[in-house]
Amino acid sequence: MTTPVPFLRLTDVHKSFGAVHALRGVDITVEAGTIHALVGENGAGKSTLGKVMAGLHRPDRGTVQVQGRTVDLQSPRDALGHGITIVAQELALVEPRSVLENVYLGSEPHRGPVVRTRLLRRWFAELTERTGIAVPPDACVQDLSIADQQKVEILRALARGAEAIVMDEPTARLASHEAEGLVTILRQLAASGTTIVYVSHFLDEVLQVADRVTVLRDGQLVSTSPADDHTADSLVEAMVGRSLASAFPAKQLPASAAPLLEVENLGRDGVFAGIDLEVRPGEVVVITGLVGAGRSEVLQCIVGDRRADHGTVRLCGATKRFRHPRAAVDAGIAYVPESRKTHGLLLETSVNGNVSLPQLKKLTRGLSISRARERELVAAAITRVGVKAANPALPVSTLSGGNQQKVLFAKALSGDPVLLVADEPTRGVDVQAKRQIYDVLVDLASRGLGVLVVSSEMEEVLGLAHRVVVMRTGRVAGQLAGPDITEANIAALAFDRPAGGSPSNDAGGTS
Ligand SMILES: Nc1ncnc2c1ncn2[C@@H]1O[C@H](COP(=O)(O)OP(=O)(O)OP(=O)(O)O)[C@@H](O)[C@H]1O
Ligand SMILES: [Mg+2]
């Protein structure tokens with residue numbers, strides 16, 4: 001008996017970007033039909049390694065073997081030719097088209113100039129049947145949830161003959177029940193022979209889904225071992241080189257002063273209605289609920305990123321109607337939006353430029369910007385949230401995903417806010433950086449700021465909140481404070497189920 005040939009073997013792989021040595025001699029073997037996780041802190045080199053596997057980066061040194069043969073993957077197309085593709089951190093679908101079109105884009109069967117739609121439909125039916133991944137073929141991709149868009153990406157990869165799929169933080173933008181669905185799909189794919197390389201910061205999820213786990217630190221391989229040999233704590237220790245005391249800072253009791261932020265009967269037609277909430281100085285209020293419950297839209301209406309149709313927003317007692325987030329910033333609201341790509345950052349601008357952007361007025365004397373003051377302000381802001389940037393004069397696009405998130409935070413905090421509003425503040429951020437962001441939030445609150453956060457992560461809600469606002473389908477389903485903040489109570493409100501766990505029988509209860 002011979003041992004099976006591994007699907008992928010990378011030997012002594014190096015990759016540098018200018019002065020940054022992102023991969024330093026990595027050896028990794030990925031067996032066919034397994035789920036192989038890559039974990040590590042922000043900037044450890046996970047995405048870079050995934051991109052080398054998928055032909056997006058060529059290694060400076062080292063070899064890549066696919067099914068025992070040495071290959072030179074010069075492009076994603078090349079990699080796909082060898083059966084490897086990547087589902088990136090940000091999805092890449094052609095949105096205004098149907099699911100069917102997205103899955104087969106560029107590989108449609110033709111008869112003359114005409115696409116053979118009936119044949120396509122048959123292929124699609126076979127593919128969904130074989131994989132157990134269900135998405136309606138005629139739905140427009142932009143109307144789908146992130147979870148369904150991701151399924152379309154996976155189907156597309158499979159339709160193009162991918163035998164190995166690199167998934168870079170696939171669950172970072174999913175609600176927990178959607179993440180479980182994805183995990184089930186990936187397990188099924190692996191069982192039928194597809195090889196999955198899985199990048200994630202959710203360690204419990206990694207331990208649940210992966211067969212083997214590779215830990216990277218500063219571009220080097222720390223270890224590869226069976227998932228069964230690890231616990232979440234042992235992974236953290238391997239990632240950061242020491243054990244971490246606890247994930248959350250201690251909660252401090254908020255002062256019982258007049259509210260900083262009062263939201264009354266806020267509504268946006270067709271999205272949410274009747275939202276009442278308050279944030280007091282020193283208080284961390286977390287809005288949670290299922291993805292799509294309208295949480296982000298509520299924040300956006302508060303800070304003027306969208307128009308509310310009803311209701312009032314008061315800041316420090318004064319009624320406000322912000323027409324633009326800039327106006328909210330000027331009034332003392334620091335806003336960290338959900339998507340760093342589309343809302344928060346100018347990716348091709350330097351870290352310095354991004355962080356100081358909201359403060360340009362303060363930094364300008366006459367017609368010139370004081371570069372020295374800018375550097376000072378930026379240095380203070382990025383140290384505070386622990387951004388790892390080799391050189392803050394380089395574009396934000398050169399930072400790892402998690403470090404981009406921290407830049408967003410540094411930018412929001414560079415002013416002198418009275419209220420911090422943040423949408424999924426730790427998405428894509430590693431355990432240590434999460435703790436840094438939590439420390440920042442708790443520190444701000446202890447200095448009398450109000451903190452209003454949208455979060456889907458149960459741990460985070462439980463660990464941070466003085467008060468929890470649970471939203472369900474555009475309404476406040478309930479608010480919880482102090483000892484009532486429990487996982488069972490939150491889930492009961494979010495899913496409209498009694499805390500006991502059995503489904504409710506009233507109208508609108510889902511089955
Ligand atoms: N195109 C690039 N240009 C310059 N530097 C880069 C580029 N891509 C990655 N880097 C750098 O390489 C290092 C590794 O980045 P990588 O994106 O692989 O990290 P990661 O482990 O995926 O982190 P995260 O968890 O934050 O996504 C980082 O220091 C990053 O700044
Ligand atoms: Mg990454």
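This is a predicted model, so every value here is computed, not measured. Residue numbers start at 1 and run along the sequence shown. We count ligands from 1, going down the list as the structure has it; atoms in each ligand are counted the same way.
Within the 4.0 Å heavy-atom cutoff, Gly45 counts among the residues contacting ligand 1. A heavy-atom separation below 4.0 Å is found between Glu41 and ligand 1. Contact between Lys15 and ligand 1 is absent, with no heavy atom of the residue lying under 4.0 Å from the ligand.
Between the Mg ion (ligand 2) and Thr48 there is no N/O/S contact shorter than 2.8 Å.
The shortest side-chain heavy-atom distance between Thr29 and Leu8 does not fall under the 4.5 Å cut-off. Between Leu207 and Phe202 the shortest side-chain heavy-atom distance does not fall below 4.5 Å.
Of the possible donor and acceptor atoms, one in the side chain of His324 sits under 3.5 Å from a partner among the backbone N and O of Arg326.
Ser225 and His230 share a donor-acceptor pair across their side chains, judged by distance under 3.5 Å alone. In the model, Asn354 has no side-chain atom that pairs as donor or acceptor with a side-chain atom of Thr349 under 3.5 Å. Judged purely by distance below 3.5 Å, without hydrogens or angles, the side chains of Gln65 and Arg9 never pair a donor atom with an acceptor atom.
Set against the non-hydrogen atoms of His201, the atoms of ligand 1 under 4.0 Å away are 25 (O). Shown in contact with Val20 at under 4.0 Å from a heavy atom are these atoms of ligand 1, numbered in order with element: 11 (C), 12 (O), 29 (O).
Of the candidates Leu56, Leu216, Thr48, Asp218, the one placing a heavy atom closest to atom 18 (O) of ligand 1 is Thr48.
Under 4.0 Å from ligand 1, heavy atoms of Thr398 appear from its side chain as well as its backbone.
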